[in-house]
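Worth knowing before you read on, the calculation uses all heavy atoms, side chains too, and leaves out hydrogens, waters and symmetry mates.
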Amino acid sequence: MTVLGEAVRLILSGDSELYAICLTSLKFSGTSILLASLAGIPLGFLLKLKDFPGRRFILVAVNSLMALPTVVVGLLVYSLLTRSGPLGSLGLLFTPAAVIIGQVVLVLPIVTSMVYGAVSDMDPRLPETLTTLGARKQHYYLMLIKEMKGPVLAAVLAGFGRVIGEVGVSMMLGGNIRWYTRTITTTISLQTSKGEFELGLALGIILMLIAFSLNFLIHMAARNE
Amino acid sequence: MMKNRKPAAVLLALSVLLSWNLSAEGQYEKEASHIKLATTTSTENSGLLAELLPVYQEDSGIIVDVIAVGTGKAIALGENGDVDVILVHARSREDAFVEGGYGVNRRDVMHNDFVLLGPSSDPAGIKGMNTAADALAAVAASESDFMSRGDDSGTHTKEKSLWKAAGLSPSGEWYKETGQGMGAVLTMTNEVQGYTMTDRGTWLAMKDKLDLEVLVEGDPILFNPYGVIAVNPELHSHTDYEGAMSFITFLTGPKGQAIIRDFKKNGEPLFYPDAMK
Amino acid sequence: MSKYAVTVRNLLYSYPGQKGSGPDEPAVNIKDLKLEQGKVTVFRGHNGSGKTTFLKILAGLIQPDQGEIVHTSDRKTVLVQQEPYLFHGSVSQNLVWPLKFSGIGIKNRESLVREKLRLVGLEGFEKRKARELSGGEKKRIAIARALMTEARTILLDEPDANVDSATTQELEKLIRTLSDQGMSIILCSHQKSFAYRCSDRIIDLFQGSPVSHDENIFKGQYRYSDGIYSDFAVGNHMIHCPGRQGEFSTIVIPPDNISVSREAEKGAIMGSGKENRLQGTILSVQAYKEGRFTVTVDCGLIMKVRMSSSLISMLNLRESDTVRLLFNPSSVRLY
């Protein structure tokens, strides 16, 4: 049987470990992107709309951090979380929390930068309309985010794509522990290193399916708007 | 219409949070006690741990979280106190680890051996040689492709010691430092029909998929001993020393050693127990 | 309470980047301007004359470099953009947002929305997707949305731009209706007929400053008669005007085309029986420009007449004098 055929058979067999691995991946990525969005979306808006000390520095930092390879992010967070590091006493290394911290560090610059870009390209009539209709503070920002749902969603999606597909951070900080921190990508990496391509490919197909269906759902949601 | 749209994002967020309570068969048991074991990818990949750990868990109630990395990194994780126990194969570095005060109670666990692989056409003509160093010298002389792990792993350390024994420091286009795991290196070697050195366990696990042959084996220098070491609790007080010691005791005790002895791939043993000699 | 919706004093604004460089040419430069409450004031001018900028300053969207803008009440102004931005979602969602912004819990939102939609002639549009409407519908929804705010002064930026003639007529009617309900409306436009038909007062903007033409603009009833001349009723006054078929709501009498005579010199008034004749008292005589003066006469209608200084001294015109005005029906413009 071909590698691809075997991969499809694996997916269809409903293997419980395969299911657990996918669930772990979704949990980690979902939580990471949720946290990164909660911070990154407001930050992206603030960076464009408000002038505050350190704003330029944050902009430069955000844009530079976007280029960091995942392994470097993994290393950076590892050096903080290792028992010999400053946050070692928390005992977070090789736990889901460590993976999520690393993924948030990885993806926060992407979400922030994309939201910042979207706000920069914002329709200039929108803030005028809000001001003249009397929208203040929280209403004003709420409406900006609401009206820019499309580009903001695109930023979140791009971020999700980055975290669900990354392997450096998950491997380095999660340790690829079976049933615990083993994700789709670390499994692919492990299987490939073992020379067993079937499971790796099966997971690769699932990864693509997840990305595809998510993009499709968002596209439909945007059309119904 | 207005009312039900608003919580869409909230709903999504909630579902992410709720997913943490979803259970899959064989779920990680948070309530049970865990120890962290750093080991080499070759050990993990051989499938031996999958035999050992469920029995140990049954006996002790302790779950072993396996972090499979290269020997170099496994030792570094031990030095930093990120794991409780390490199971590696690089004797000289293990000794340095213990001497440096990072580990205590090193015990021999088992050994397997390395073999030199190559294509059946064998352009370097090393088949049947008794000395691994001579064989490598012949590969270098013929400038046939040689795939090295190049990743500071135990296997890589062993390979470098063989080159040293042959009095060579390999370089040139034929010598390829891949920086990849054993399985990946075997696959690459197969694709280029070159030579490489591998542990027997990985070879046996993968040989059905490979168009390669064992050309040199049995040289004592290819002997590959595995040691288990507890991370020094005096250096890293948070480590689970008792858990580590219970695992070491199991691994080197009759039950663990029997499992190691009986573990076979295609009818051939992969490891030979050493602890009770 | 003042009878002015907005009072502007010493207003100066230059675009960022042009400030301080070269000879100062501010985008908006207004010394003193009072805009009546409950009236429709139209600012007219070419592109770049500062119309939109001025509206944005009035709306508080642009901070002027200097000057003072006094709104009559703290219920400020609301601006409707030339191409309005409508929020994503339904028409009724768009209309409800201003209520939420102001934080006032209003129970009968639905009926309020229905009322405003009826006012702009878009009944039953509640569930429609706002962003899929036509350009003219969008404008009217934006006006309805503006009316949901507390503002009593509404600013319209070129409402007549890029809409078909039917929509233009709808907008004219709407603006007059709002004015009748006591709203102050300030708009800008560069379409002559639209400006005349909507407005109570026209102010031309030239390089950011107002230029007054003292035009006589009257609303009333047009009565077409099948001849050279027809009649236009302004209150009790009947003005003869050119006979043209169509619907007209406004006449404009250019102040330069009116001749003035002393009451005593009856014999001097000659001409056909269809000449427009009015009699009234001079309220003021004010210098206009280039040696010409504006004479304001109360004939029941307030008429402005422009004449040379030499003619004024010849006739010896002073305040409270009684004069007769005469102008040809063909000089009356219909809109």
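Residue A/F52 qualifies as enclosed at atom CZ: its count of foreign heavy atoms under 6.0 Å is above 12.
Residue contact with chain A, scored on non-hydrogen atoms closer than 4.5 Å, involves the backbone and the side chain of C/L79 alike. Looking at C/L86, only its backbone comes within 4.5 Å of chain A, counting heavy atoms on both sides.
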Quiz item: Between C/H88 and A/K146, is a side-chain contact (heavy atoms from CB on, under 4.5 Å) present by the stated rule, with each step listed?
Solution: CA-CA 8 Å; C/H88 291 85; A/K146 211 171 137 57; over 6 Å; no
Quiz item: Would C/M148 and A/L133 satisfy side-chain contact (heavy atoms from CB on, under 4.5 Å), going step by step from the backbone distance to the final call?
Solution: CA-CA 9 Å; C/M148 299 290 282; A/L133 292 178; over 6 Å; no
Quiz prompt | C/F87/A/M143 under side-chain contact (heavy atoms from CB on, under 4.5 Å): CA gap, chis, key distance, verdict | solution = CA-CA 9 Å; C/F87 301 128; A/M143 284 303 282; 3.7 Å; yes
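The candidate with the highest count of non-hydrogen atom pairs below 4.5 Å against chain A, out of C/S102, C/A59, C/G60, C/P84, is C/P84.
We find the NZ-OG1 distance between C/K56 and A/T131 to be 11.0 Å, quoted to the nearest 0.5 Å. Rounding to the nearest 0.5 Å places CD of C/Q81 at 8.0 Å from OG1 of A/T132. To the nearest 0.5 Å, the span separating CH2 on C/W97 from CG on A/L130 amounts to 9.5 Å.
For the pair A/R125 (side chain) and C/E83 (backbone), a donor-acceptor distance under 3.5 Å is present.
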